[in-house]
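Right, one structure below, let's go through it.
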Amino acid sequence: MPFGHDMVYSLATVVDLVNTSPSTGGEDKLTDLEQLTEFVENRQVSGVGELGEADLGQVRALREAFHKVFTAPDQPTAVIRLNTLLSGTRITPRLTEHDGHALHVHYFAPGASLGEHLSADLGVALAHLLVEGEWERLRTCSAPDCGHVFVDESRNRSRVYCDSRTCGNRMHVAAYRARRRA
Ligand SMILES: [Zn+2]
Ligand SMILES: [Zn+2]
């Protein structure tokens, strides 16, 4: 994929965020402020102040809005859904080298809440992906009992499982057993 480190990082963050939702088949992994703080620390989201219940509510709503972009039936629908998400987001581009990272652009406005911060930076990353004609790389896992989303970064866009070590391996074992039974 022709994307820089920062873009890849933002895409990984939006995938992680969406996959905390029970809409993707697992348990809810964003139920309280402790889990929200853990998410922010794991993903090294910068400049986050004191978090409250309002932040939790915003981020929980945002993950569903992002999920709808991943599960859009076609590219025009994904564009409409992402534009809706972005239309409620104040965006102020700013160059930064925080925490020793290479110079990159942040999009969230000064004083943004965590929800606004994530919708700006992750929303713009997805916008670039769509502009590059790479919408098809936004995928949902093909394992029948898994609804996790992922960004297919493979050269030939051939990835079908959210994680080759878990779902991929599980499905290969199941296929092997089915063949042996046949
Ligand atoms: Zn940054
Ligand atoms: Zn999976």
Side-chain angles (χ1 to χ4, degrees), residues 1-27 29-30 39 42-45 59 62-86 89 91 93 95 99-108 117-182:
M1 256 207 295
F3 302 130
H5 170 80
D6 197 47
M7 171 83 174
V8 170
Y9 195 81
S10 290
L11 292 175
T13 301
V14 73
V15 163
D16 271 12
L17 176 63
V18 171
N19 287 339
T20 65
S21 168
S23 311
T24 62
E27 58 184 303
K29 296 195 216 54
L30 214 55
F39 173 81
N42 284 343
R43 296 313 307 173
Q44 298 183 336
V45 181
V59 175
L62 183 63
R63 69 181 177 179
E64 304 305 326
F66 275 127
H67 190 212
K68 289 200 171 69
V69 176
F70 275 82
T71 56
D74 48 46
Q75 180 168 354
T77 309
V79 167
I80 291 167
R81 290 177 180 179
L82 186 56
N83 268 341
T84 303
L85 191 157
L86 288 171
T89 309
I91 287 179
L95 290 154
D99 296 320
H101 293 294
L103 193 62
H104 61 287
V105 185
H106 276 181
Y107 295 95
F108 62 93
H117 178 146
L118 294 174
S119 62
D121 281 60
L122 307 182
V124 167
L126 286 178
H128 284 300
L129 187 104
L130 292 180
V131 167
E132 298 288 339
E134 305 282 4
W135 166 73
E136 282 178 303
R137 292 189 188 274
L138 301 181
R139 300 265 174 89
T140 300
C141 184
S142 291
D145 54 352
C146 179
H148 282 164
V149 300
F150 62 95
V151 176
D152 180 4
E153 290 168 31
S154 67
R155 203 173 282 271
N156 53 1
R157 306 182 191 199
S158 58
R159 196 175 142 196
V160 293
Y161 301 116
C162 66
D163 187 328
S164 56
R165 285 161 304 163
T166 56
C167 284
N169 190 44
R170 206 155 46 81
M171 295 305 290
H172 285 137
V173 169
Y176 174 74
R177 291 210 179 111
R179 273 198 305 275
R180 289 216 334 181
R181 272 199 303 273

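As a basis for the values below, the full set of heavy atoms in this structure was taken, side chains included, without hydrogen atoms, waters or symmetry mates. Small disclaimer: the values here were computed from a predicted structure and weren't measured.
For NZ of Lys68, the number of neighbouring non-hydrogen atoms (other residues, nucleotides, ligands) closer than 6.0 Å is 12 at most.
At a threshold of 4.5 Å between non-hydrogen side-chain atoms, the residues Phe39 and Val59 do not count as touching. Contact annotation: the side chain of Tyr161 never approaches that of Asn169 to less than 4.5 Å [non-hydrogen atoms, C-beta and beyond]. Looking only at side-chain heavy atoms (C-beta outward), Gln44 and Thr13 stay at 4.5 Å or farther from each other. Between Thr71 and Leu138, the closest side-chain pair of non-hydrogen atoms is not below 4.5 Å. Between Val151 and Phe70 the shortest side-chain heavy-atom distance falls below 4.5 Å.
Of all non-hydrogen atoms in Leu126 and Phe66, the two that sit nearest each other are CD1-CD2, 3.5 Å. Taking all atoms of both residues into account, the shortest heavy-atom contact from Ser119 to Leu85 is CB-CD2, 3.8 Å. When all heavy atoms of Ser158 and Ser154 are compared, the pair lying nearest together is N-OG, 3.0 Å. Residue Arg63 comes nearest to Pro22 through the heavy atom pair NH2-CD, 3.7 Å, listed as atom of the first residue, atom of the second, then distance.
Considering only residues two or more places apart in sequence or on other chains, Glu64 meets the salt bridge (charged side-chain N to carboxylate O under 4.0 Å, His left out) condition with none of them. Annotation: salt bridge (charged side-chain N to carboxylate O under 4.0 Å, His left out) contacts of Arg43 (sequence neighbours excluded): Asp16. Qualifying side-chain contact (heavy atoms from CB on, under 4.5 Å) partners for Pro73, counting only residues two or more places apart in sequence or in other chains: Thr77, Arg81. In terms of the side-chain hydrogen bond (donor to acceptor under 3.5 Å, both in side chains) criterion, His172 has no residue partners (sequence neighbours excluded). For the side-chain contact (heavy atoms from CB on, under 4.5 Å) test, residues two or more places apart in sequence or in another chain that qualify with Val124 are Ile91, Tyr107, His128.
Of the inter-residue distances, the one linking Leu82 atom CG with Leu129 atom CG reads 9.5 Å to the nearest 0.5 angstrom. In this structure, CG on Leu130 lies 9.0 Å from CG on Asn83, to the nearest 0.5 angstrom.
Look at Arg159 and Glu153 and you find no salt bridge, because none of the NZ, NE, NH1 or NH2 atoms lies under 4.0 Å from a carboxylate O.
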Checklist entry - Are Val15 and His148 close enough, and set up right, to give a side-chain contact (heavy atoms from CB on, under 4.5 Å), and what steps lead you there? => result CA-CA 8 Å; Val15 163; His148 282 164; over 6 Å; no
Side-chain atoms of residues 140-147: list all donor-acceptor pairs with protein atoms under 3.5 Å, sequence neighbours left out, distances to 0.1 Å.
| from | atom 1 | to | atom 2 | distance (Å) |
| --- | --- | --- | --- | --- |
| Ser142 | OG | Val160 | O | 3.3 |
| Asp145 | OD1 | Arg170 | NH1 | 3.2 |
| Asp145 | OD1 | Arg170 | NH2 | 3.2 |
| Asp145 | OD2 | Arg170 | NH1 | 3.0 |

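Remark: side-chain polar atoms of Thr20 are paired, donor with acceptor, to backbone N or O of Leu17 under 3.5 angstrom. For Arg137 (side chain) and Asp152 (main-chain N/O), a donor-acceptor pair under 3.5 Å exists by modelled atom type. Panel note: side chain Arg157, backbone Glu136; no donor-acceptor pair is recorded below 3.5 Å.
Aromatic ring orientation, His106 versus Phe108: tilted (interplanar angle from 30° to 60°).
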